[in-house]
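Encoded as structure tokens, the structure appears first; notes follow it.
Throughout, a chain's letter reflects where its sequence line sits, starting with A, and its residues are numbered from 1.
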Amino acid sequence: SSQRPRPRVLLKAPTLAEMEEMNTSEEEESP
Amino acid sequence: RQVTVQRKEKDFQGMLEYHKEDEALLIRNLVTELKPQMLSGTVPCLPAYILYMCIRHADYTNDDVKVHSLLTSTINGIKKVLKKHNDDFEMTSFWLSNTCRLLHCLKQYSGDEGFMTQNTAKQNEHCLKNFDLTEYRQVLSDLSIQIYQQLIKIAEGVLQPMIVSAMLENESIQGLSGVKPTGYRKRSSSMADGDNSYCLEAIIRQMNSFHTVLCDQGLDPEIIMQVFKQLFYMINAVTLNNLLLRKDVCSWSTGMQLRYNISQLEEWLRGRNLHQSGAVQTMEPLIQAAQLLQLKKKTQEDAEAICSLCTSLSTQQIVKILNLYTPLNEFEERVTVAFIRTIQAQLQERNDPQQLLLDSKHMFPVLFPFNPSSLTMDSIHIPACLNLEFLNEV
């Protein structure tokens, strides 16, 4: 019998700009 | 007293395990604090392979939070290092190579058949099992574009101050200075007079240096070609724009020197195996301008020859060069108004762009064609200098 590949779960990713925004707000929050 | 337990080494399956609390240390040692020189003599793009092996282990243990976290920290780490070294060609090209390699790995080991055609059976065993990272591939592709743009900006910044003197002012053909237009002879052609003059050799040396760095760091050959096509376009645009604005360089002798310089650049491309890059084609307007300076500009036949030759120059540019053209001496005549009118009449049906100058800041869109690696993950050795002993080989 043929082996069917396991279905993969799509990992949602923020866009590069969203990542930058998150990173900036994290930096602002930290003292 | 410590007892050393001899354990049988298990086969390394090409995965690297780490504790979540070590992620920051991993990014620090492998990304933000890493100096490219530390990795000389190792396999090119080693950080990308190590990062993929870490991602693979997180995928293998079905830990989506760990995959998200590692990829986000990696991307932010790369952005941080690029910001800090925004005028460092070597550092920028190092992270362009590694970001592209990580992107290729996420494709090559994605499990998508379209990306697996060149994989060995062993490489197929190293594919991701649980997660589809297509969206992260898009982020890495966007990041690669940003890094490429930074790399071009740095290289252009280095080359730009050399272009005018190397391409238009420096006289490497012996005896040519004697036939410069009278009244425009350069004050001094000496290289030691403290002004910012460069010879073509300086541009070639600089491009050799760029090319060596890009090759040593394992940047994909297709991307290297795009880098040099872009740089050659800039050399063309800056040189032509200066020619179009300066009467003193619109002469037969500059045309001859310019053609010689361009042929040296073409030869350099051939020597570095970059002649298929499209770089020479970007120089076509400048090649034609050099020929225009050298052609006869008197009869109806001369006008026809100019019109059929100068297809990459606009009517406005041709007319401007003819207007600026400066005779070498009293025996050579100026280009007559009647001759320029003949040219204009012959070219009036052309639908040329209106602007005189080229956009020297124009950038060709960059492409990152998929380039799978023949390396297998289990053959990769992590050098001690990286201080990554907290990574466990699985």
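- Ranked by non-hydrogen atom pairs under 4.5 Å with chain A, the options B/Asp59, B/Asp142, B/Leu143, B/Asn76 are led by B/Asn76.
- For OH of B/Tyr18, the number of neighbouring non-hydrogen atoms (other residues, nucleotides, ligands) closer than 6.0 Å is greater than 12.
- Taking chain A as the reference chain and counting heavy-atom pairs below 4.5 Å, the highest number among B/Leu128, B/Thr134, B/Leu140 is found for B/Leu128.
- Proximity to chain A among residues 113-122 of chain B is not found for any residue, judged by heavy-atom separations below 4.5 angstrom.
- Between B/Val67 and A/Leu11, the closest side-chain pair of non-hydrogen atoms falls below 4.5 Å.
- Counting heavy-atom pairs closer than 4.5 Å to chain A, the top residue among B/Asp132, B/Leu71, B/Asp64 is B/Asp132.
- Annotation for A/Ala13 and B/Val139: closest pair CB-CG2, 4.2 Å, computed over non-hydrogen atoms.
- For residues 71-97 of chain B, the pairs satisfying ring-ring contact (aromatic ring centres under 6.0 Å, His included) are B/Phe89-B/Phe210, with sequence neighbours left out.
- Nearest heavy-atom pair, A/Lys12 versus B/Glu135, reported as atom, atom and distance to 0.1 Å: NZ-OE2, 2.9 Å.
- Within 6.0 Å of NE2 on B/His19 lie no more than 12 heavy atoms contributed by other residues, nucleotides or ligands.
- Residue contact with chain A, scored on non-hydrogen atoms closer than 4.5 Å, is absent for B/Gln138.
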